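Quantities reported herein were computed from a predicted structural model and do not represent experimental measurements. One is the number of the first residue; the rest follow in order along the sequence.
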Amino acid sequence: MINELLIFIGIFVTGISGYLLKSLTKSGATAAILVGLAVYAGFGVRGLLLLGVFFATSSLWSKYKSSAKVSIEEKLAKGSTRDWRQVMANGGGAGLFSIIHYLQHDLIWLIGFIVCLSSANSDTWASEIGSLSRKNPIYIRTLKRIERGTSGAISLLGSAAALAGSFLISIISYWIFDIDIFLTLLVFLFGFIGNIIDTVIGAFYQQVYVCENCGLETEKKNHCHLPTTRIKGLPLVDNDLVNFLSGFFAAMVAIVIVLVTN
C-alpha cells in the first residue's frame with residue numbers, strides 16, 4: 001500500500017515537474033498524469049519505466065539546441081512545450097493498450113503498448129534531431145529539398161535518429177519485459193515503420209496553411225496575428241492526429257503479426 005502511494009506521488013510529481021520545466025503546459029501535465037496512471041494500472045512499474053524513457057528523451061531532444069529551432073517552430077502548429085493534445089497524440093495509444101491489458105492480460109496488448117511508445121520515440125527523435133541537419137530535408141511528394149520543419153520531409157540524420165529512437169525502446173523492452181528476440185525485432189521494426197507512416201500521412205493528408213500577410217506555409221491556424229488559409233490537407237488532420245494514427249496503425253499491424261505467428 002505504501003509502495004503504491006509512493007508511485008502515485010511519483011506520477012504526479014513527474015507531471016508537475018514537466019510543467020515547471022516548461023516541457024508541458026498545465027493541460028499537458030494533467031494528460032501526462034492520466035497516461036501515467038493508465039500505464040501503471042496496465043503494466044506496473046516496468047510500464048512506467050518505459051514511458052519515462054520516452055518522456056525524458058523526447059523532452060531532452062526537444063530542448064537540445066532549441067535556439068537553432070526557433071525559425072522551424074514558425075512552421076509548426078505548436079512549440080516544444082507539449083499540451084494535452086500532443087501528450088495524447090504520443091502517449092494516448094500506449095495508455096489505451098494499458099487499460100485494455102488491465103482488463104485482459106494478453107501478450108498482444110503488451111506489444112501494442114511497446115510499439116506505440118517505440119513509434120512515438122522514433123518520430124520525436126527524427127523530428128528533433130533531424131531538424132538540426134546541415135542540409136534541408138527531401139519532401140517525399142516531390143523528391144526535392146524543402147524547408148526544415150515541413151511535414152512529410154526526410155533527411156539522413158532524421159532517419160538515423162528515427163532508427164535509434166525505435167531501437168532504444170525495443171532494447172529496453174527486451175530487458176524489462178523479458179520478450180524474446182523475435183518480438184524485440186518486431187517492436188524495433190514497427191516503431192520505425194510508425195515513423196514512416198507518420199511521414200507519409202504528413203506529406204499527403206496533413207493540413208497546411210499559408211499566412212496571407214507574410215506568405216509563410218505553416219501548420220498554424222493563425223500567424224502574424226491573422227487567420228491563415230488552408231491550402232492542402234484534409235479537415236481535422238493535424239499533426240496531433242497524424243502522430244496518434246501512425247503509432248496506432250503500426251501497433252495494430254504488429255499485433256496481427258503476433259496473432260498470426262503464434
Side-chain angles (χ1 to χ4, degrees), residues 1 3-18 23-24 27-59 82-124 165-166 168-180 183-184 186-188 190-191 193-194 198 240-241 243-259 262:
M1 186 68 179
N3 288 339
E4 287 194 348
L5 179 60
L6 291 175
I7 290 169
F8 286 143
I9 292 174
I11 292 172
F12 278 87
V13 168
T14 300
I16 294 170
S17 297
S23 293
L24 300 168
S27 68
T30 301
I33 290 170
L34 293 176
V35 170
L37 291 172
V39 169
Y40 177 64
F43 298 106
V45 175
R46 293 181 296 175
L48 287 178
L49 177 60
L50 196 64
L51 179 66
V53 170
F54 162 66
F55 178 74
T57 59
S58 61
S59 297
R82 292 171 170 79
D83 62 14
W84 73 270
R85 287 175 60 87
Q86 289 168 290
V87 171
M88 287 302 180
N90 289 291
L96 176 62
F97 283 118
S98 298
I99 293 172
I100 297 174
H101 187 265
Y102 173 77
L103 299 173
Q104 179 193 19
H105 281 65
D106 196 299
L107 176 65
I108 59 173
W109 309 128
L110 171 62
I111 298 304
F113 165 74
I114 300 172
V115 170
C116 278
L117 288 183
S118 181
S119 174
N121 209 50
S122 180
D123 179 60
T124 301
S166 181
L168 178 66
I169 296 298
S170 63
I171 201 66
I172 292 178
S173 299
Y174 170 77
W175 174 52
I176 64 175
F177 286 110
D178 196 28
I179 57 177
D180 61 33
L183 293 177
T184 302
L186 189 73
V187 168
F188 170 60
F190 278 92
I193 287 176
D198 185 282
D240 293 330
L241 182 60
N243 286 343
F244 177 81
L245 291 177
S246 58
F248 186 75
F249 286 161
M252 291 305 298
V253 175
I255 285 173
V256 170
I257 291 176
V258 173
L259 289 172
N262 282 350

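Here the shortest heavy-atom pairing between F244 and G92 reads CE1-C, 4.1 Å. Of all the heavy atoms in A29 and G15, the pair that sits closest is CB-O, 3.3 Å. For the pair Y174 and I179, the tightest heavy-atom approach, listed with the atom from each and the gap, is CD1-O, 3.0 Å. The two atoms that bring A94 and S98 nearest to each other are O-OG, 2.7 Å, heavy atoms only.
F177 is not listed as a side-chain neighbour of L183, based on a closest heavy-atom distance of 4.5 Å or more.
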Do any side-chain atoms of residues 104-117 form donor-acceptor pairs under 3.5 angstrom with protein atoms, and if so which ones, sequence neighbours left out?
unit_1, atom_1, unit_2, atom_2, d
Q104, OE1, W109, NE1, 3.2
H105, ND1, H101, O, 3.3
D106, OD1, I108, N, 3.1

Could you list the donor-acceptor pairs under 3.5 angstrom formed between side-chain atoms of residues 246-255 and any protein atom two or more places apart in sequence or on another chain?
unit_1, atom_1, unit_2, atom_2, d
S246, OG, V242, O, 3.0
S246, OG, N243, O, 3.0

Under 3.5 Å donor-acceptor pairs involving side-chain atoms of residues 34-48, not counting sequence neighbours:
unit_1, atom_1, unit_2, atom_2, d
R46, NH1, I176, O, 3.3

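From S173, atom OG reaches atom CG of L49 across 9.5 Å, with rounding to the nearest 0.5 Å. In this structure, F188 CZ and I193 CD1 are separated by 10.0 Å, a value rounded to the nearest 0.5 Å. S17 OG to F12 CZ: the interatomic distance, rounded to the nearest 0.5 Å, is 13.0 Å. Considering CD1 of I99 and CG of L103, their distance stands at 8.0 Å, rounded to 0.5 Å. Rounded to the nearest 0.5 angstrom, S59 OG and R82 CZ are separated by 5.5 Å.
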| Between T184 and S170, is a side-chain hydrogen bond (donor to acceptor under 3.5 Å, both in side chains) present by the stated rule, with each step listed? | CA-CA 6 Å; T184 302; S170 63; over 6 Å; no
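Panel note: side chain S122, backbone S118; no donor-acceptor pair is recorded below 3.5 Å. Although no hydrogens or angles enter the test, the distance criterion places a donor-acceptor pair under 3.5 Å between the side chain of N90 and the main chain of Q86.
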